[in-house]
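Just so it is clear, the structure is predicted and the values come from calculations on it, not from any experiment. Convention: sequence-line order gives letters A, B, ...; per-chain numbering from 1.
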Amino acid sequence: MWSSGYLLIAKKCAWALGGQREGSELNMCIPLCFQLKCNMLALCVFWFLLWSHVVGAPKKQLEPAERLWVQLQKDSKETKKKAGKTVGNRLTKLYKENKLPASDVSELLQAADEAGLEFSNPIPKKRKFEPGKAPELGEAEPEEGCRDKNAARSLDRFLRKNHTWKDLYWAKIPMKNPKKKANDMEEKWMPFLLPHEWLPDYFLQSSPWQEGMPEEGSFCWPAGKFPRARHEPGKAALAQIRSDWDWNCKYFHAPQWNEQKGMCWLCKAKPENWREMTTCPAWERQEQSLDKAEYLHFLADREKEANPLFILPSASNDTMVPDWMHVLDEGTGALAAVQILKELLPLYPGAHVDERVSQLWEHIQILYEEQHWPQDKRLKKLTLKDIVKPKKVPELDGKAHEVRHLCPLLECLCKAKGLHEGSVHQKAVYKVAKYCSKMYKCLEEGNLLELEKAGRKFVSQYMALEAEATSADESEVKLWRSKPKFHVTSHILDLVSLGHNPKHSWNYRDETFAGCMQKLSFRRGGKFEPGMAAEKLLLRWMADIPFLHFAAAIQLFQEP
DNA sequence: ATTATGCATGTATCCCAGAG
DNA sequence: CTCTGGGATACATGCATAAT
């Protein structure tokens, strides 16, 4: 009934696919080579004509510069070939990223092909329809019959063929159809990338996903039997669920930051006393911490149900580890950074605020240059809107990892403007910057001892500034106001003091991940089957990110 | 103002015939 | 036998327009 069933059979029979694959590639190669030769020939003829015209005419003496120009043009044949490949790859990538419908991509690829660009083209060469060209039927509808009705299929076949991953594994999964009112479950075929088949290789690769992955060493295969066949039922351990505070509220019914009965899932802090619970020594917080029974009671008190995962003996509220990115980079770190920048702003020359902002931005750029900061770690822009928001706490509008790499520069910025020998308030601001910078530097170096020290000072210094700002001027409460995330920062530092490196549980990937998957799974038509949608998404992703068979290669190298 | 409908466009999948 | 490409049909979705 479901065509996915047929796919399962086809996919299972890897031997049935092997033979034709080479043949089919050959099929694609032959017309390509033929065309390549034709193009080369045409180019040679063209250049011969040009050359004979310029050089063969003795009357006109060539200037050396012109000679050079002619030579450069000759070289550009290679350049053109390369450019053609780039264009072809880029166009195919547009399809892989699901940015254009298949028919548009097909049209573009064919146009590129006609323009003489050489690349491995997923669209067949011979064709009936001509994009953009009106058939002789009539001028009234020039687009009539111009589109390739099978473009989606051609590109789909291309996706299936052109990836280096193992074939997808299909299994029947009971699912609920949201469109049907009845609550009965249907079994649907769903595709999978089996973790044991690709994770070992994946963790041997470096660059593209490094930023989002746990630190090396924190991931390992649980002891036990490694699956030998695709279908062997394996045992797995759920090691980590990644979430932000919002998720914790939604799925684990963690309290929100302003709940009267308690605003922290790790201890008994309440809105009226969380400030004391933040600056106090670690052992005091420890005394007030919630154990699992107390947390379950706390849930019942707030008339919430415990997540079924809490049945597991090891799952409890203290396994919900707060992560560095959400708490520091997108919370306290960014907050401190932007307020320090705001304090610095009046110290820059310039008649107008905008001018001073651009001066400050220049200064940051210089620091980036001095320290040879990689481009992708730098803040992309800094405008007045980022720093000053009328009647609002300013917010730094940057990516989390940009904030992470801006914070270590704060001390330099403050020192350059002489905050460390200014007024009492300025000195206090300098201290926040100093400890913030130090904290981030220690984090990068993995120096946990110093990280905890600097972190504690950062938190207490910030809170002290808040107290000062509140007592000094009622209207200025907006600045240096602390947020409940400082409390969570303290909890992170408690974990650091116990030897937990924040890098092991941080969570840089999930912010962009959901958006990426949404874009990849956008569908433009066709019969809807959950398995089909999932397969399309996986295929696009697999074609876009090449799979490198490191583990197999290493084994081959070691065995003989 | 909201909802139903037609139309255009796009995808999924089947069938078929030809090539190797 | 499998792959390939043409064609047909069913299904999805967005948009403009008509109906309520």
What is the distance, rounded to the nearest whole Å, between atom [atom1] of [X] and atom [atom2] of [N]?
X	N	atom1	atom2	value
A:Leu537	B:dT11	CG	C1'	16 Å
A:Phe158	C:dT4	CZ	C1'	16 Å
A:Leu155	B:dA12	CG	P	11 Å
A:Asp156	B:dC14	CG	P	13 Å
A:Asn98	B:dG10	CG	C1'	12 Å
A:Leu100	B:dT11	CG	C1'	15 Å
A:Lys536	B:dA12	NZ	P	4 Å
A:Leu539	B:dT11	CG	C1'	15 Å

Does A:Lys96 have any salt bridge (Lys or Arg N to Asp or Glu O under 4.0 Å) partners at least two apart in sequence or in another chain, and if so, which?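 A:Lys96: no salt bridge (Lys or Arg N to Asp or Glu O under 4.0 Å) contacts found.
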Any non-hydrogen side-chain atom of A:Trp265 less than 4.5 Å from a side-chain atom of A:Asn248?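 The answer is yes, as the side chains (C-beta and beyond) meet within the 4.5 Å cut-off.
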So does A:Arg153 reach the base of C:dG7 with its side chain, donor to acceptor, closer than 3.5 Å?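 Indeed there is one.
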Applying ring-ring contact (aromatic ring centres under 6.0 Å, His included), name anything that partners A:Tyr95, two or more places apart in sequence or on another chain.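 Not a single residue meets the ring-ring contact (aromatic ring centres under 6.0 Å, His included) criterion with A:Tyr95.
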Report the relative orientation of the aromatic rings in A:Tyr368 and A:Trp361; use parallel for angles under 30°, tilted for 30 to 60°, perpendicular for over 60°.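 Perpendicular, since the angle between the ring planes exceeds 60°.
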